[in-house]
Amino acid sequence: ECIYTKHLCLDGRQIHLEIYDPCSQQGKLSLADELHWADGFIIVYDISDRASFASAKALLHRLRGSHTAPCKKMVEPSVFLVGNKQDLCHMREVGWDEGQKLAMDHKCQFCELSAAEHYQEVVAMFTRVLRNITSNFKVKEKRRPSGSKSMAKLINNVFGKRRKSV
C-alpha cells in the first residue's frame, strides 16, 4: 500500500497525517477499509482528461453512498474535489463549471490548481483541508455532556453549597 505519513503543526496543534494514495496501486482500488478510517478525502482529476473526471465522479458517488449508511463516525468526513493541471487549460476537456457542479451535487468543496507550476496552491489546498477536518473535530468535542453529568452538576449546584440561614 502507498501510505505516506507526515507530522506537522497547524495553528499551534500537532497533526499526524496518514495519506493513502489508491491510484498508485493499479488495478487494486477497493477502498472498503479506507472509507471507514479516513477523516477526509481529496479526489483529484485531470482537467485535460474526461475519463479521470468520470472516475472522480464515480468515486464521489461511492464515497457519499457509503457514508449515508449508519456508521460509527460522529462527523462526516471532509471531501474536496480538485481539478489538477490547470496549466494545461489549452487542452481542457472538463470545464470549471462541470467540476463546480459535481462538487455542489456531492456537497464537497472544489478548487482547480496546477501542481506542476504552483506548489503553493497545493500547500494552500492541503491547509484548507486540514483546517476543515480539525474544525470538524472541534464541533465533535463541543458536544453536550451526557445526561448523567448534567444531572450530577445540577444536584451539586442545589445541594453542594452551604447556605446561610436568613
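Looking only at distances, a side-chain donor or acceptor of Asn84 sits under 3.5 Å from a matching main-chain atom of Ala115. Of the possible donor and acceptor atoms, none in the side chain of Ser48 sits under 3.5 Å from a partner among the backbone N and O of Leu88. The backbone N or O of Gln86 lies less than 3.5 Å from no partner atom in the side chain of Glu112, so there is not a single donor-acceptor pair.
At a threshold of 4.5 Å between non-hydrogen side-chain atoms, the residues Phe126 and Leu8 do not count as touching. Val79 places none of its side-chain heavy atoms less than 4.5 Å from the side chain of His106.
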Candidate pair Glu93 and Lys85, rule salt bridge (charged side-chain N to carboxylate O under 4.0 Å, His left out), full reasoning: CA-CA 11 Å; Glu93 290 183 8; Lys85 299 191 180 179; over 6 Å; no

Stepwise salt bridge (charged side-chain N to carboxylate O under 4.0 Å, His left out) check, Asp105 with Lys101: CA-CA 6 Å; Asp105 291 347; Lys101 182 179 181 331; 2.9 Å; yes

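Criterion: ILVMFWY side-chain heavy atoms under 4.5 Å apart, direct or through other members. Under it, Leu130 and Ile19 are part of a common hydrophobic cluster. When the side chains of ILVMFWY residues are joined at heavy-atom separations under 4.5 Å, either directly or via intervening members, Tyr119 and Met125 end up in two distinct hydrophobic clusters. Grouping the Ile, Leu, Val, Met, Phe, Trp and Tyr side chains by contacts below 4.5 angstrom, directly or via other members, places Val129 apart from Met104. Connection of Leu17 to Phe80 is established within a shared hydrophobic cluster, with ILVMFWY side chains joined at heavy-atom distances below 4.5 Å, either directly or through further cluster members.
Leu81 pairs in a side-chain contact (heavy atoms from CB on, under 4.5 Å) with only one of the listed residues (Val44, Leu59, Ile42, Leu102), which is Leu102.
Summarising the geometry, atom NE2 belonging to His118 is positioned 10.0 Å from atom CG belonging to Leu113; distances are rounded to the nearest 0.5 Å. To the nearest 0.5 Å, atom CD1 of residue Ile15 and atom OG1 of residue Thr134 are 5.5 Å apart. Summarising the geometry, atom CG belonging to Asp49 is positioned 8.0 Å from atom OG belonging to Ser55; distances are rounded to the nearest 0.5 Å. To the nearest 0.5 Å, atom OG of residue Ser78 and atom CD of residue Gln109 are 7.5 Å apart.
Between Glu98 and Lys57 no salt bridge is recorded (no basic side-chain N to carboxylate O distance below 4.0 Å).
The heavy-atom pair separating Cys108 from Leu60 by the smallest distance is SG-CD2, 4.1 Å. The heavy-atom pair separating Gln100 from Phe110 by the smallest distance is OE1-CD2, 3.2 Å. The shortest non-hydrogen separation linking Asp87 to Ala116 is OD2-CB, 4.3 Å.
Taking the six-membered ring where tryptophan is involved, the planes of His7 and His16 are tilted, since the angle between them lies from 30° to 60°.
Ser52 and Asp46 form no side-chain donor-acceptor contact under 3.5 Å, judged by distance and modelled atom types alone.
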